[in-house]
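Read the structure below first, then the notes.
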Amino acid sequence: MSIEDKLDDLEEALEEQLEENHAECKWIRANGELTLIVPREQLLAVMQVLRSHHDLGFEQCIDVCGVDYAAYGHSEWNAEDAPNTGFSRGAERETITDFQAESRFAVVYHLLSLSRNVRLRVKTFLDADYPVVDSVTGVWNGANWFEREAFDMFGILFSGHPDLRRILTDYGFIGHPFRKDFPLVGQVEMRYDEDKGRVVYEPVTIEQRTLVPRVVRHDCRYEEGRELVKEEEQADG
Amino acid sequence: MAEIRNYTLNFGPQHPAAHGVLRLVLEMDGEVIQRADPHVGLLHRGTEKLAEHKPYNHSIPYMDRLDYVSMMCNEHGYVGTIEKLLRVEVPERAQYIRVLFDEITRILNHLMWLGAHALDVGAMTVFLYAFREREDLMDCYEAVSGARLHAAYYRVGGVYRDLPEKMPCYEMSHLGSEKEMKYRNQAREGSLLDFIEDFTERFPGYVDEYETLLTDNRIWKQRLVDIGVVTPERARQLGFTGPMIRGSGIAWDLRKKQPYAAYDKVDFDIPIGSNGDSYDRYLVRIEEMRQSNRIMKQCVDWLKNNPGPVMVGDYKVAPPPREKMKDDMEALIHHFKLFSEGYSIPESEAYFAVEAPKGEFGCYIIADGANKPYRLKIRAPGFAHMAAMDEMTKGHMLADVVAVIGTMDVVFGEIDR
């Protein structure tokens, strides 16, 4: 049974189950993967169905991942009125404010069914001011740390999580480092202070440099329905 | 009577058995663990954020530094995701080279795990034995990539270069005698593949040596049997993968179930445990080394008889050959664009996972049409295993914590990322 056949079966089962449970979900199929987009309020109910129903049976939650969509599709490359000096010339970096506030954040779950040998991606969008979603730790205990990580990195809150603490950042860390408005070089640096006899935190003194600017290019070779240029032609050409 | 109260104990981060930088806060009732709270993140470097600020190709060396004892498997997970997004077909020879080096990596990792685990539990010799064989395998890494650890050998579209015709030899110095040099170089007379073939002949004997030291060793069994038992049901719930879930008796291996590269063309078996304790996981990993050896043998045979390209001919993702750049303007432009700006990936997202020695290592990339990933999420197997620390050590003695950390095969490069 090929992956495509399995996804066909999965799509069918999903359609049936979601309708039965009155869930308003959308799904996207691309790259041999199925993505289910679930509204925030219905997430927990849908997840329970996904785990427990025998036609679906996703026993494992492989990964939980936070995403910040604030800078999606932005290009930094400005060759026209850029200065011709400086290290990161041509690269513009400004704070982005024109993002869609109601779907700034997303939580992406990767589920795996061992019995059916199929994967499913579940995505739910959260708004910028109040990014909170139900925790799935009750459905899959393994999601505990993954949700803590998403909280730490993006500030996404998981209601019903038994122990929502920071996990990867330093004790007493301020901010959520993977948000797009958090600079790559960070906010503070630390050093040992001889006089005070302890480690002190100070604002960063280094400046962020762009080695290669971010450029968005539209490659017509990957347009919908277009076959890729064959390897041999490329090699000769 | 004196008041009895629980005692909080800090285990690590500077404890030799903490495998790096684990700070474990243990709540003890006498010598029995009531609660274990691992504090991770002391090695957090923000790999995912760094990757968002670099063209796709620049992040391959970061992957080596995640799980720094199974380097090439991490690279495989990363380049595999990009290949999936770009729909690049990797040449068959490169697929076999990847399988060969994935298995070399698996043995490297398991040897490191075996040595460190045995050392933690009190057996010194195994560590020395394991490092003897690691030396040979790291020489293979060096022969193909020039680096013994952080290889950056897998590239999008194939591998960096074909296997070398000549295995590097030891050179004479004032320290050794000529006779000794000849002895040390005897397996290195031919090509790299000859060297690996010779290794696969020798290796099963070495595994027997480890087993004589450990498998029926009374002390080893006392320390591992019935320690850190995980039932199949709990293993699924906790998101276990790799030898951890196989030790609990679930025959789940991505190399078999969702084959990638050339794994569907090689023959091997999946070992599983029956009790889900540390001893079973030990047996599973020992058998995995033997199976890896078997796969390596098949790859060597295939690679010896099937020459061919090891990189795609698409110059948008792979550099053109040096000679071509001398008289072909287009090749020169391709080269310049590839190394300055890199390639852009159209708006899409993909998740691709490989069976790394520790479990499922996956990369999830969201591309927004730029030359850098919009979001890269690395799914490290050790992270899910570490999260089960509390459950696996509860009710055990303090000394068993060391055995449980050992059996989980944790490396903080990948947990903290």
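A, B, ... follow the sequence lines: proteins, then strands. Residue 1 opens every chain. When reading the values below, keep in mind they use all heavy atoms of this one structure, side chains included, and skip hydrogens, waters and symmetry mates.
Listed by chain and residue number, Arg29(A) satisfy the salt bridge (charged side-chain N to carboxylate O under 4.0 Å, His left out) test with Glu4(A) (two or more places apart in sequence, or in another chain).
Heavy-atom pairs under 4.5 Å with chain B were tallied for Val215(A), Val216(A), Ile28(A); the largest tally goes to Val215(A). With respect to chain A, the highest number of heavy-atom pairs below 4.5 Å among Glu233(B), Glu341(B), Glu52(B), Arg234(B) belongs to Glu341(B). The residue among Ile167(A), Asp170(A), Ile62(A) with the most heavy atom pairs within less than 4.5 Å of chain B is Ile62(A). Counting heavy-atom pairs closer than 4.5 Å to chain B, the top-ranked of the candidates Arg148(A), Arg51(A), Glu149(A), Glu59(A) is Glu149(A). Between chain A and the residues Leu238(B), Ile245(B), Val40(B), the most heavy-atom pairs under 4.5 angstrom are made by Val40(B). Of the listed residues Lys54(B), His58(B), Glu349(B), Lys84(B), the one with more heavy-atom pairs under 4.5 angstrom with chain A than any other is Glu349(B).
With a 4.5 angstrom heavy-atom cutoff, Glu33(A) touches chain B only via side-chain atoms. Looking at Lys6(A), neither its backbone nor its side chain comes within 4.5 Å of chain B, counting heavy atoms on both sides. With a 4.5 Å cut-off on non-hydrogen atoms, Asn117(A) touches chain B through its backbone and its side chain both. Interface residue Tyr171(A): only side-chain heavy atoms are found under 4.5 Å from chain B. In this structure, chain A has no heavy atom under 4.5 Å from any part of Pro320(B). Heavy atoms closer than 4.5 Å to chain A are found in the side chain of Glu360(B), but not in its backbone. Contacts of Pro373(B) with chain A are made by backbone atoms alone, with heavy-atom separations under 4.5 Å and no side-chain atom involved. Only the side chain of Arg375(B) comes within contact range of chain A, judged by heavy atoms closer than 4.5 Å. Looking at Ala71(A), both its backbone and its side chain come within 4.5 Å of chain B, counting heavy atoms on both sides. Contact of Val139(A) with chain B is made through the backbone alone, with heavy-atom distances under 4.5 Å. Neither the backbone nor the side chain of Arg166(A) comes within contact range of chain B; no heavy atom of the residue lies under 4.5 Å from a heavy atom of that chain. With a 4.5 Å cut-off on non-hydrogen atoms, Leu112(A) touches chain B through its side chain but not through its backbone.
Taking CG of Leu338(B) as the reference point, atom OH of Tyr315(B) lies at 12.0 Å (rounded to 0.5 Å).
Aromatic ring centres of Phe125(A) and Tyr69(A): separated by under 6.0 Å. The distance between the ring centers of Phe182(A) and His176(A) does not fall below 6.0 angstrom. When ring centroids are compared, Tyr374(B) and Tyr72(A) come within the 6.0 Å threshold.
When each of Thr124(A), Leu111(A), Leu50(A) is tested with Leu36(A) by the rule side-chain contact (heavy atoms from CB on, under 4.5 Å), just one qualifies, namely Leu50(A). Under the side-chain contact (heavy atoms from CB on, under 4.5 Å) test applied with Phe412(B), the options Val21(B), Leu66(B), Leu42(B), Asp67(B) reduce to a single match, Val21(B).
The interface of residues 377-386 of chain B with chain A, defined by heavy-atom distances below 4.5 Å, comprises Lys377(B), Arg379(B), Phe383(B), Ala384(B), Met386(B).
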Exercise for review: For the pair Glu89(B) and Val312(B), evaluate side-chain contact (heavy atoms from CB on, under 4.5 Å) and give the outcome as yes or no after the intermediate values.
Suggested key: CA-CA 7 Å; Glu89(B) 288 278 336; Val312(B) 287; 5.5 Å; no

Practice item. Please report the C-alpha distance between Asp68(A) and Arg104(A) in whole Å, then the side-chain angles of each, then the deciding distance to 0.1 Å, and finally whether the salt bridge (Lys or Arg N to Asp or Glu O under 4.0 Å) criterion is met. Key: CA-CA 6 Å; Asp68(A) 178 1; Arg104(A) 174 174 173 184; 2.9 Å; yes

Exercise for review: Evaluate the criterion side-chain contact (heavy atoms from CB on, under 4.5 Å) for residue pair Arg214(A) and His53(B); output intermediate values, then yes/no.
Suggested key: CA-CA 8 Å; Arg214(A) 184 182 179 80; His53(B) 290 262; over 6 Å; no

Exercise for review: Begin from the C-alpha positions of Arg417(B) and Glu48(B) and carry the test salt bridge (Lys or Arg N to Asp or Glu O under 4.0 Å) through to its verdict.
Suggested key: CA-CA 8 Å; Arg417(B) 280 159 290 153; Glu48(B) 293 163 6; 3.0 Å; yes

Practice item. Decide yes or no on side-chain contact (heavy atoms from CB on, under 4.5 Å) for Tyr260(B) and Glu83(B), but give the supporting numbers first. Key: CA-CA 12 Å; Tyr260(B) 52 94; Glu83(B) 282 156 7; over 6 Å; no

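Comment: Asp181(A) does not engage Arg179(A) in a salt bridge, judged by the lack of any side-chain N to carboxylate O separation of less than 4.0 angstrom. A salt bridge links Lys394(B) and Asp390(B); the closest N-O separation between the charged side-chain nitrogens and carboxylate oxygens is under 4.0 Å.
Between Phe154(A) and Phe105(A), the two ring planes are perpendicular [angle over 60°; tilted spans 30° to 60°].
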